[in-house]
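See structure below.
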Protein chains: 2
Amino acid sequence: MQLTQYTDYSLRVLIYLSQKPAQTLATITEISDFYGISRNHLVKVVHSLAINGFLETTRGKNGGIRLAKPAAQIGIGEVVRSTEPNFEMAECFNHQNNTCIITPVCSLKGILSEARNSFIATLDQYTLADTIQKPGSLFRSYMQAINK
Amino acid sequence: MQLTQYTDYSLRVLIYLSQKPAQTLATITEISDFYGISRNHLVKVVHSLAINGFLETTRGKNGGIRLAKPAAQIGIGEVVRSTEPNFEMAECFNHQNNTCIITPVCSLKGILSEARNSFIATLDQYTLADTIQKPGSLFRSYMQAINK
DNA sequence: TTAAAGATGTATTTAATATACATATATATG
DNA sequence: CATATATATGTATATTAAATACATCTTTAA
Ligand code: SF4
Ligand code: SF4
């Protein structure tokens, strides 16, 4: 059981933005350099975060991205729901493609649903504001990493 | 977020065995025919279930497999823990391969751990005996499916 | 001795994900 | 208006994990 890197990258972008001084813009290049990950991949991550209303983008010179609302109003559950391609715990969760012959009598799917729901419910207890405890520590951590 | 088919197949095997009359043996071929899934894949599924103590295998003519203990003593959580290849919700969960620069200051991993734990804790509330509500319905369901 | 069962190791296929590449569009500024 | 710099968008490719197939070995009842 894993989440996609796409989801983690989405959260990394939001975490980064949450630590920037309010109202300042970051660029995708800046963030991909910071984390050392594919800029191309981040472009799509950022685009979907914008479509889902988590951040605002500004094109053109001096453009960039920033959070669309305060970190404390961005739920981790919301973000993960919007980035994960699916939450199909077994074949029968996709009615179109399901070939499992015991579906009509199987209660396992209900158990798996309940487990998935408690996973997401836990995430719903937290917001972006809970991801970094000490203000400023994100960039201090970066400095330490690049100086060694 | 998905579980592997390997995990669902493992549970399907256990569900099937739980509905067989006690002490009778089933064969892998019988089960793969029942579900219409790859026999080769099931061979490995069954082998790992045996290694993990969920079922007993008997080689040779008239051999086969059966549950190693009553269905009510086989926890769904136990099974899933033993069949899923990993529960690494983000890159940093694998310390060897982790390249995430903010790991020292990031609290997201704790949130993701907690969510994963509540997923598994939910599964731990159920056993194999909870997967089929009506005795006999599994095979009746099969008959209906093949007769249409 | 044979048939029928699982055990084991390797190879291949498939599908999902991640990444790269190319080009379009928007906008601030000189 | 031209240019530089930012995001937007679509397509192609690469990588990886998972699923499946194949070949052979071992065990055991009859
Ligand atoms: S019906 Fe039950 S056994 Fe079949 S795919 Fe769904 S959860 Fe698995
Ligand atoms: S440290 Fe935080 S951002 Fe980095 S991989 Fe782990 S959970 Fe994701």
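Note that the structure is a prediction, hence the values are computed from the model and not measured. Letters A, B, ... are given to chains in the order of the sequence lines, protein chains preceding strands, and every chain is numbered from 1.
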Should the pair [X]-[Y] be classified as a salt bridge under the 4.0 Å nitrogen-to-oxygen rule?
| X | Y | answer |
| --- | --- | --- |
| A:Arg116 | A:Glu88 | no |
| A:Lys20 | A:Glu30 | yes |
| B:Arg81 | B:Asp124 | yes |

What is the distance, to the nearest angstrom, from the [atom1] atom on [X] to the [atom2] atom on [N]?
| X | N | atom1 | atom2 | result |
| --- | --- | --- | --- | --- |
| B:Leu3 | C:dA16 | CG | C1' | 16 Å |
| B:Asn40 | C:dG9 | CG | P | 16 Å |
| B:Glu91 | D:dT15 | CD | P | 18 Å |
| A:Met1 | C:dA16 | CE | C1' | 18 Å |
| B:His41 | C:dT14 | NE2 | P | 15 Å |
| A:Leu42 | D:dA8 | CG | P | 13 Å |
| A:Tyr6 | C:dA18 | OH | C1' | 11 Å |
| A:Arg39 | D:dT5 | CZ | P | 13 Å |

Test of ring centre spacing under 6.0 Å for A:Tyr16 and A:Tyr9
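Between A:Tyr16 and A:Tyr9, the centre distance exceeds or equals 6.0 Å.
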Side-chain N or O of A:Tyr9 less than 4.0 angstrom from OP1 or OP2 on C:dT17?
no
So, OP1 or OP2 of D:dT5: does either fall under 4.0 Å of a side-chain N or O from A:Thr27?
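So the side chain of A:Thr27 is outside the cut-off, no N or O lying under 4.0 Å from OP1 or OP2 of D:dT5.
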Please tell me which of B:Gln5 and A:Ala50 maps to the more 5' nucleotide of DNA chain D, matching each residue to the nucleotide holding its nearest heavy atom.
A:Ala50
If you group Ile, Leu, Val, Met, Phe, Trp and Tyr by side-chain heavy-atom gaps below 4.5 Å, do B:Leu25 and B:Leu128 land in one group?
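Different clusters: B:Leu25 never reaches B:Leu128 through Ile, Leu, Val, Met, Phe, Trp or Tyr contacts under 4.5 Å.
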For DNA chain D, which residues in residues 53-64 of chain B have a heavy atom at a distance below 4.0 Å?
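Correct list: B:Arg59, B:Gly60, B:Lys61, B:Asn62.
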So, does the side chain of B:Lys44 form a donor-acceptor pair with the base of C:dT10 at under 3.5 Å?
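Per atom types, the contact qualifies.
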Any donor-acceptor N/O pair, A:Asp130 side chain to A:Tyr126 backbone, under 3.5 Å:
no
More 5' along DNA chain C: B:His47 or B:Gln2, using each one's nearest nucleotide?
B:His47
So, for A:Ile15 and A:Leu138, which heavy atoms are closest and what is the spacing to 0.1 Å?
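That closest heavy-atom pairing would be CG2-CD1, 4.1 Å.
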What contact category does B:Ile28 fall into here, base, sugar-phosphate, or nothing, at under 4.0 angstrom with non-hydrogen atoms?
sugar-phosphate
